[in-house]
Structure formats: structure tokens, C-alpha cells
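Chain identifiers are assigned alphabetically (A, B, ...) following the order of the sequence lines, protein sequences preceding nucleic acid strands; residue numbering begins at 1 within each chain.
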Amino acid sequence: TQLLEQSPQFLSIQEGENLTVYCNSSSVFSSLQWYRQEPGEGPVLLVTVVTGGEVKKLKRLTFQFGDARKDSSLHITAAQPGDTGLYLCAGALRGNAGNMLTFGGGTRLMVKP
Amino acid sequence: DAGVIQSPRHEVTEMGQEVTLRCKPISGHNSLFWYRQTMMRGLELLIYFNNNVPIDDSGMPEDRFSAKMPNASFSTLKIQPSEPRDSAVYFCASSSAPGGYTFGSGTRLTVV
């Protein structure tokens, strides 16, 4: 069992649909990040959320940090084929030394034209 | 800045051979991480350096794996001897606390 559980693991949708992916834990995080990874490349940072209840928007992507800082969600509106990729959440545990992050298992999204 | 630079991009080697993966972090970043990614196990942290000092190597699977960071601009991950189960994509990432990670493009290792 991973410290950060992501769901769903796989998602295949049509262009224009909305979707939400989840990142859950029983641990409290001082901050949480979302990354997107495209085939053949490394993960790329999308956003960092720090405050419980915080909502951040990045064009059609909306990120929310849970009030208790144990979970997060990523909502994509009107998905495009360019959104296809592996979405990873990563959290910094309170009390962690240095800058260590714990990664979830990822949600693999495919958006079909 | 060119980002985190990893070499080689692809490596195919025979079982038993030594493999060395290289990483150049972003200048000014004081933390460096080596990860391994597979479909089955996802992204696994192998080792983490802070200011060139290894802080946590609990993820290194066996004594066959070793990592060094002789200076702030270079790190290596060595596997000796390599085995087919080591086949994976190996990523290097760097960071300056408390920022996010910048990943390299990875090295795809195939051990036959």
C-alpha cells in the first residue's frame, strides 16, 4: 500500500469531457504537488498547494488541497488530446528532512479525439 | 538553463555488465534524487543527496547499486553487475528546498 493513493489508475475519455482524479492519504502533508509526465519524458511540475482548502487554477485544470491536508484533487474541464499523460501527485510529509517528496502511483489519462 | 541533463538516453547491455548513468543537476539546486520507474512499481526513490551528501539510500535495492555525487554539478548511478530485472527508466531530479523537482528526460535501461 502506497502512502499516497491515486484514483483512478487509468482513465480513457473523449475530447471535451470533464474528469477528476484523486490523491488520498491518511497522513498530513505540509505541501502537495501535481506533475504531468508525457511518454519518453520526465514528470513536469504543474502546481504546488500549501494551505488546507486551497484551490489553484491553471487554464482548464483546477487543483484543490483538502482542508485537513491529507488529500487533493485535480479536475480537468473540456479535456483535450494534449492532456494525455501520467498525472502524479507528490506530498512533503511534515517533519521530513530536506526536500523529500512521496509520490503516488499515478493516474494514466488518455483523451481520444 | 538547459534543465537536468541525463546521459545516456538509452542503454542496452548484457546481463553481468557494469552500467553507469550520469546526471547534471540544475545549477544552484542543492538536492539531487535518483528514481527508477516501471509500469509495475511506478516511481521509486533510490537515493537522495543534499549538498552532495547522501541523506537517504534506503531505496537502493541491493549492493549492486551505488551512487556518487563528487561535486554539485555531477552525479552517477552505477549498477554492477546488471541483471534483467534492473530494466527500467531511471530518472534524476534536482531541487532547491522547498521548491518542486525538475526531472531529467531519463535513461531507458534494458538488460538482456
**Item:** Top contributor to chain B interface from A/Gly40, A/Gly42, A/Pro43, A/Gly106 [non-hydrogen pairs under 4.5 Å]
**Value:** A/Pro43
**Message:** Heavy-atom cut-off 4.5 Å, strictly under: side chain, backbone, both or neither for B/Arg108 against chain A?
**Reply:** neither
**Prompt:** With under 30° as parallel and over 60° as perpendicular, where do the rings of A/Phe103 and B/Phe103 fit, or are they tilted in between?
**Reply:** perpendicular
**Request:** Side chain from CB out, backbone as N, CA, C, O: work out which of these in B/Asn30 comes under 4.5 Å of a heavy atom of chain A, or both, or neither.
**Result:** neither
**Contact origin within B/Gln6 toward chain A - heavy atom pairs under 4.5 Å** = neither
**Prompt:** Going by atom types alone, do A/Gln33 and A/Tyr35 pair a side-chain donor with an acceptor below 3.5 Å?
**Reply:** yes
**Message:** If I measure from the heavy atoms of chain B, does A/Glu41 come under 4.5 Å with its side chain, its backbone, both, or neither?
**Reply:** both
**Request:** Look at atom CD of B/Glu62 and say whether more than 12 heavy atoms of other residues, nucleotides or ligands are closer to it than 6.0 Å.
**Result:** yes
**Asked** Under 6.0 Å from the NZ atom of A/Lys56, do we count more than 12 heavy atoms belonging to anything else shown?
**Response** yes
**Pair A/His75-A/Thr20, side-chain donor/acceptor within less than 3.5 Å** = yes
**Message:** What part of B/Ser96 gets within 4.5 angstrom of chain A, counting heavy atoms only: side chain, backbone, both, or neither?
**Reply:** backbone
**Prompt:** For A/Glu17, does the CD atom have more than 12 heavy-atom neighbours from other residues, nucleotides or ligands under 6.0 Å away?
**Reply:** yes
**Complete:** Whatever's closer than 4.5 Å to a heavy atom in chain A on B/Met40 counts as neither
**Message:** Does any backbone or side-chain atom of B/Phe91 lie under 4.5 Å from a heavy atom of chain A? Answer side chain, backbone, both or neither.
**Reply:** side chain
**Request:** Kindly say whether A/Thr77 contributes a backbone atom to a donor-acceptor pair with the side chain of A/Arg60 at under 3.5 angstrom?
**Result:** yes
**Item:** Between B/Ser95, B/Cys92, B/Gly106, B/Gly42, the one whose heavy-atom pairs under 4.5 Å with chain A are most numerous
**Value:** B/Ser95
